[in-house]
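Data block below; observations after.
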Amino acid sequence: MKNIDMNVEGDKLIITVDLTQEYGFSASGKSITIASTDGNVSIPGHEQIKAGVNIYRPRSKDPR
C-alpha cells in the first residue's frame, strides 16, 4: 500500500491518508496518485473482508 493506513476501531474501519503526498502519474497518465492499496487488500483482523482504495487528483493541463 502507498500512503494508506487502515485500522479497525470497534465496528468502524478508519482509513488515514496524507493528502500532501504524491506517487506519480496513474497508468493512463490522466491523474496523479496520492494513495492506493494497489488492488484489493484484507481489512486488519477481518481477512474475509477486502478493500480497494485509490485516492487521486486530476493531472494539471499543459498551459501551451
Side-chain angles (χ1 to χ4, degrees):
M1 292 192 295
K2 296 177 191 153
N3 190 28
I4 293 182
D5 185 40
M6 294 193 300
N7 295 303
V8 176
E9 294 180 12
D11 291 331
K12 307 284 184 187
L13 172 64
I14 309 299
I15 299 174
T16 304
V17 173
D18 180 349
L19 297 176
T20 66
Q21 299 295 311
E22 292 182 354
Y23 288 93
F25 297 115
S26 64
S28 70
K30 294 179 182 178
S31 59
I32 296 174
T33 302
I34 296 170
S36 179
T37 57
D38 292 325
N40 296 328
V41 297
S42 296
I43 303 301
H46 301 271
E47 281 63 34
Q48 73 281 8
I49 301 174
K50 309 291 184 188
V53 178
N54 292 305
I55 310 292
Y56 61 93
R57 68 174 175 80
R59 181 178 180 176
S60 299
K61 299 290 184 188
D62 189 356
R64 289 188 230 175

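Positions are given from 1, in the same order as the sequence printed here. These numbers come from a predicted model, not from an experiment.
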Are [X] and [Y] side-chain neighbours, meaning at least one heavy-atom pair lies under 4.5 Å?
X	Y	result
Ile34	Asn3	yes
Glu22	Arg57	yes
Ser42	Lys50	yes
Ile32	Phe25	yes

Of all heavy-atom pairs between [X] and [Y], which one has the smallest distance, and what is that distance?
X	Y	value
Pro44	Val8	O-CG2, 3.4 Å
Gly45	Glu47	N-OE2, 3.4 Å
Gly52	Asn40	CA-OD1, 3.5 Å

**Prompt:** So which of Asp38, Thr37, Ile43 actually passes side chain to side chain contact (heavy atoms under 4.5 Å, CB included) with Val41?
**Reply:** Thr37

**Request:** Please test Asn54 against Thr33 for side-chain contact (heavy atoms from CB on, under 4.5 Å), starting from the C-alpha separation and ending with a verdict.
**Result:** CA-CA 8 Å; Asn54 292 305; Thr33 302; 5.8 Å; no

**Message:** Once rounded to the nearest 0.5 Å, what's the spacing between atom CG of Leu13 and atom CD1 of Ile15?
**Reply:**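 These two atoms lie 4.5 Å from each other.
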
**Prompt:** Could you state the interatomic distance from CD1 (Ile4) to CD (Gln21), rounded to the nearest 0.5 Å?
**Reply:**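 Answer for the CD1-CD pair, Ile4 versus Gln21, is 12.5 Å.
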
**Item:** Path from Val17 to Met6 over hydrophobic side-chain contacts below 4.5 Å
**Value:**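 They do share one cluster, since a chain of ILVMFWY contacts under 4.5 Å joins Val17 to Met6.
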
**Prompt:** Out of curiosity, does Ile14 fall in the hydrophobic cluster containing Leu19 (side-chain heavy atoms, cut-off under 4.5 Å, transitive links)?
**Reply:** no

